[in-house]
Amino acid sequence: MSDSTMEKMLGLLRIRIHRGINLAIRDVHLRSSDPYVVVRMGKQKLKTRVVKKNVNPEWNEDLTLSIADPNTPIKLMVFDRDTFTFDDKMGDAEFDIKPFIEAVKMRLEGLPDGTIITRVKPSRQNCLSEESNIIWINGKTVQKMFLRLRNVERGELELQLQWIDIPGSRGL
């Protein structure tokens, strides 16, 4: 990375894509799907592996985005992998990292494990299916969230955010 990139970057956001819950069936004859998740933020695009024949897949995969602008929303899209045709859409969601970034900026130290820093309520402006807590665990600020997929008949994603400071970047 060039020095100018390092100056602009605030840090890294590790997104652990835990699992999908009750995802849509796209392979009708198998009554299942072969889902994977695409994570996009600005020009960055990351993908999980495909989980075969499962509408409740467990990925437990870490994807890391470099964050320069905390106002850019993170978009998630779920697809069903198809061999001979285009992959089918299985819904999308997006979330705002501003509340999480604000909690990281507090630079909290020495809190008891499990302390809730902030609560983010579900609203029409976000895809949260339930309240999401930003908590202090093992000396780190972590946010666990359940996102309701849009543009699909059903499905949710469970994921967790964790901030990684980069030595030499301007940081938060």
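Sequential numbering from 1 along the given sequence is applied to the chain's residues.
Using a 4.5 Å cut-off on side-chain heavy atoms (C-beta onward), Leu159 and His18 make no contact. A 4.5 Å side-chain heavy-atom check between Leu147 and Phe95 finds at least one atom pair inside the cut-off. Under the 4.5 Å side-chain criterion, counting only non-hydrogen atoms from C-beta, Ile25 is not in contact with Ser32. Contact check for Ile134 versus Val120: side-chain heavy atoms found under the 4.5 Å cut-off. Side-chain atoms of Met41 and Ile67, non-hydrogen and from C-beta on, do get closer than 4.5 Å to each other.
The same ILVMFWY cluster, assembled from side-chain heavy atoms under 4.5 Å apart, contains both Met145 and Val39. Residues Ile164 and Met9 share a single hydrophobic cluster, defined by chaining ILVMFWY side chains whose heavy atoms lie under 4.5 Å apart. By the criterion of side-chain heavy atoms lying less than 4.5 angstrom apart, applied directly or through intervening Ile, Leu, Val, Met, Phe, Trp or Tyr residues, Leu23 is not grouped with Ile21; the two fall into different hydrophobic clusters. Taken together through direct or relayed side-chain contacts under 4.5 Å among Ile, Leu, Val, Met, Phe, Trp and Tyr, Leu149 and Leu128 form part of one hydrophobic cluster. Following chains of ILVMFWY side-chain contacts shorter than 4.5 Å, one can reach Val51 starting from Val152, so the two form part of one hydrophobic cluster.
Annotation: side chain to side chain contact (heavy atoms under 4.5 Å, CB included) contacts of Leu108 (sequence neighbours excluded): Met106, Leu111, Ile117, Trp136. Looking at residues two or more places apart in sequence or on another chain, you find no side-chain hydrogen bond (donor to acceptor under 3.5 Å, both in side chains) involving Asn138. Every residue was checked against the side-chain hydrogen bond (donor to acceptor under 3.5 Å, both in side chains) condition with Gln160, not counting sequence neighbours, and none meets it. The side chain to side chain contact (heavy atoms under 4.5 Å, CB included) test applied to Asp92 returns Met77, Arg150, Asn151, not counting sequence neighbours. With sequence neighbours excluded, the residues satisfying side chain to side chain contact (heavy atoms under 4.5 Å, CB included) with Glu61 are Thr48, Arg49, Trp59, Leu63. Judged as a ring pair (Phe, Tyr, Trp, His ring centres under 6.0 Å), and not counting sequence neighbours, the contacts of Tyr36 are Phe79. Listed by chain and number, the residues in a side-chain hydrogen bond (donor to acceptor under 3.5 Å, both in side chains) with Lys43 amount to none (sequence neighbours excluded). By the side chain to side chain contact (heavy atoms under 4.5 Å, CB included) test, Lys45 is found to be paired with Val38, Arg40, residues two or more places apart in sequence or in another chain being considered.
Across all non-hydrogen atoms, the minimal contact from Ser129 to Pro122 is C-CG, 4.4 Å. Across all their heavy atoms, Leu157 and Gly20 have their closest contact at CD2-CA, 4.0 Å. Val37 and Leu76 make their closest contact through CG1-CD2, 4.0 Å (heavy atoms, listed as atom of the first residue, atom of the second, distance). Shown here for Gly114 and Ile135, the closest heavy-atom pair between the two residues is O-CG2, 4.3 Å. Scanning both residues, Ile101 and Trp163, for their nearest heavy atoms gives CD1-CZ3, 3.4 Å.
Using a 4.0 Å cut-off between charged nitrogen and carboxylate oxygen, Arg107 and Asp165 count as a salt-bridge pair.
The backbone N or O of Ser66 lies less than 3.5 Å from a partner atom in the side chain of Gln44, making a donor-acceptor pair. A donor-acceptor pair under 3.5 Å is absent between the side-chain atoms of Ser33 and the main chain of Pro35, judged by distance alone. Judged by distance alone, the side chain of Asp69 and the main-chain N or O of Asn71 form a donor-acceptor pair under 3.5 Å. Without hydrogens or angle criteria, Asn54 side chain to Asn56 main chain gives a donor-acceptor distance under 3.5 Å.
For the salt bridge (charged side-chain N to carboxylate O under 4.0 Å, His left out) condition, the pairs that include at least one residue of residues 122-134, sequence neighbours left out, are Arg119-Glu131, Lys121-Glu131. Counting only residues at least two apart or in different chains, side-chain hydrogen bond (donor to acceptor under 3.5 Å, both in side chains) contacts with residues 94-106 comprise Lys75-Glu94. Sorted pairs that involve residues 99-128 and meet ring pair (Phe, Tyr, Trp, His ring centres under 6.0 Å), not counting sequence neighbours, are lacking altogether. Among residues at least two apart or in separate chains, salt bridge (charged side-chain N to carboxylate O under 4.0 Å, His left out) pairs with a member in residues 14-26 are Arg16-Asp62, Arg19-Glu158, Arg26-Glu153.
Checking each of Asp34, Asp87, Asp88 against Arg81 for a salt bridge (Lys or Arg N to Asp or Glu O under 4.0 Å) leaves exactly one that passes, namely Asp87.
For the residue pair Ser132 and Gln143, a side-chain donor N or O sits within less than 3.5 Å of a side-chain acceptor on the partner.
Considering CD1 of Ile15 and CD1 of Ile17, their distance stands at 6.0 Å, rounded to 0.5 Å. Atom OG1 of residue Thr118 and atom CG of residue Asn133 lie 9.0 Å apart, to the nearest 0.5 angstrom. Atom CG of residue Leu30 and atom NZ of residue Lys52 lie 10.5 Å apart, to the nearest 0.5 angstrom.
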